[in-house]
Amino acid sequence: MKPWAGVGEAYAASYASLCAGTGDALLSALGAPGGRRLLDIGSGTGELADRFRRAGWDVTGCEPEPTMRAVSERQHPRVRVVAGALPELPFTGAAFEAVTANFVLNHVPDPRASAREIARIAVSGAPLAASIWVRSPSWFWMDIVARAGIVASSGERLPADKDFARTSEGFAAMLADGDWQGARVEELSWTWRAAPSALWASAEGGVASAGMLYRGLGREDRAQFREAFDEVCAEHAVEGLVLLEHTAAVAVGRAL
């Protein structure tokens, strides 16, 4: 999770609203709250955790990045948040009656061990829900990088024995290896109508791969990146917003 260091404010101003797009699907998967205990792993700046709380869950957020927790505590003070990261969480077994991990298992160093940890901390038969991206508008940032004449690295990949296919089928198979019972995966697509200012906040603030790339650029390359960014936004904006379609794989299973 190190690439997310220090990005809490930038994430809150940009991708937090996008990642909250799975909220309806996750709430539906969890069933009736009834004040039951729910752990939201990788709770970030707290948008979904607070939504779960307002729906009637007794929510605890778990987030490793201090700047994310700081934003969550300021914006959603009624959500308890503790420090912790997969694959080893600071909870005893069978501590929660539902567990969510929204866009987390695509960032952890050992996805299967992390899936087992999610199952471990849930009571027997409890609903488990998680999501990953299977399609994102990488073309948007790739176009910017190409226009700016910047050579981007291919990024780090997990070792073959730890990685999994970033497809619905690959996600389901990985979760089955991670002791999720009866995991089923459905794809959810929606369009993020992003303000250019939000997209720029993500890049300048170091959020995700584009932000990490921008952070590593020198002064001249940053200027080229910004010029290319403005060009691409202008070409694809509709009424001042850039329309970016995303597809998530949303998985629902049960603890042993």
Side-chain angles (χ1 to χ4, degrees), residues 1-4 15 18-31 38-44 48-49 52 62-64 84-89 91 93-139 142 154-190 192 208-209 244-256:
M1 304 293 281
K2 289 182 181 179
W4 297 94
Y15 280 91
L18 167 65
C19 293
T22 53
D24 288 344
L26 293 174
L27 278 170
S28 176
L30 295 175
L38 181 151
L39 178 68
D40 185 28
I41 300 170
S43 55
L48 279 181
F52 296 145
C62 185
E63 169 58 45
L86 290 168
E88 294 182 8
L89 297 175
F91 305 105
F96 296 94
E97 292 156 302
V99 184
T100 58
N102 193 45
F103 303 116
V104 174
L105 292 173
N106 46 320
H107 293 296
V108 295
D110 191 333
R112 291 169 183 80
S114 297
R116 292 188 191 98
E117 180 72 347
I118 292 171
R120 180 191 71 82
I121 61 173
V123 300
S124 179
L128 313 174
S131 60
I132 63 167
W133 295 116
V134 295
R135 182 158 59 98
S136 65
S138 56
W139 62 267
M142 290 172 64
S154 59
E156 295 184 7
R157 296 287 300 180
L158 292 176
D161 64 327
K162 295 287 193 289
D163 210 354
F164 66 97
R166 306 310 169 93
T167 63
S168 293
E169 295 78 11
F171 192 29
M174 184 276 287
L175 293 173
D177 291 342
D179 296 339
W180 283 40
Q181 301 302 300
R184 65 183 190 279
V185 180
E186 295 183 357
E187 292 191 0
L188 174 67
S189 296
W190 72 99
W192 185 33
S209 56
L244 301 172
E245 186 172 299
H246 291 68
T247 300
V250 180
V252 181
R254 296 275 172 181
L256 282 169

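Every value quoted in this text rests on a predicted model; they were computed, and no experiment measured them. All values below come from the heavy atoms of this structure, side chains included, with hydrogens, waters and symmetry mates left out.
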Non-hydrogen side-chain atoms of [X] and [Y] separated by less than 4.5 Å:
X	Y	result
F171	V134	no
I41	E63	no
E186	V250	no
T22	L48	yes
L39	T100	no
L175	D177	no

Exercise for the section: Apply side-chain contact (heavy atoms from CB on, under 4.5 Å) to the pair L86 and L105, showing each step before the final yes or no. Expected result: CA-CA 9 Å; L86 290 168; L105 292 173; 4.1 Å; yes

Exercise for the section: Kindly say whether D110 contributes a backbone atom to a donor-acceptor pair with the side chain of S114 at under 3.5 angstrom? Expected result: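 Yes: the side chain of S114 pairs with the backbone of D110.
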
Problem - Contacts of type side chain to side chain contact (heavy atoms under 4.5 Å, CB included), residue A122, not counting sequence neighbours - result: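 A122: side chain to side chain contact (heavy atoms under 4.5 Å, CB included) contacts with V99, A126, L128, A255.
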
Name all residues meeting the ring-ring contact (aromatic ring centres under 6.0 Å, His included) criterion together with [X]; count only those two or more places apart in sequence or in a different chain, and write none if there are none.
X	answer
F96	F91
Y15	W192
W133	F103, W190, H246

Looking at [X] and [Y], what are the two nearest heavy atoms and their distance?
X	Y	answer
S189	T247	OG-OG1, 2.7 Å
N106	S131	OD1-O, 4.1 Å
M174	R112	CG-CG, 3.7 Å
A25	L188	CB-CD2, 4.2 Å
V104	G42	CG2-CA, 3.8 Å
L89	G84	CD2-C, 4.2 Å

Practice task
With side-chain contact (heavy atoms from CB on, under 4.5 Å) as the test, would you mind laying out the steps for L256 and W180 before giving the verdict?
Solution key: CA-CA 7 Å; L256 282 169; W180 283 40; over 6 Å; no

Handout entry: R166: salt bridge (charged side-chain N to carboxylate O under 4.0 Å, His left out) partners, not counting sequence neighbours
Key =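 By the salt bridge (charged side-chain N to carboxylate O under 4.0 Å, His left out) rule, R166 matches D163.
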
Practice task
Applying salt bridge (charged side-chain N to carboxylate O under 4.0 Å, His left out), name anything that partners E245, two or more places apart in sequence or on another chain.
Solution key: R135

Problem - E187 atom CD, neighbour heavy-atom count above 12 within 6.0 Å - result: yes

Handout entry: Worked verdict on C62 versus D40 for side-chain contact (heavy atoms from CB on, under 4.5 Å)
Key = CA-CA 6 Å; C62 185; D40 185 28; over 6 Å; no

Exercise for the section: Could you grab the distance from atom NE2 of H107 to atom CD1 of I132, nearest 0.5 Å is fine? Expected result: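 CD1 of I132 is found 10.0 Å from NE2 of H107.
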
Problem - side-chain contact (heavy atoms from CB on, under 4.5 Å) between F164 and L158, worked out - result: CA-CA 9 Å; F164 66 97; L158 292 176; 5.6 Å; no

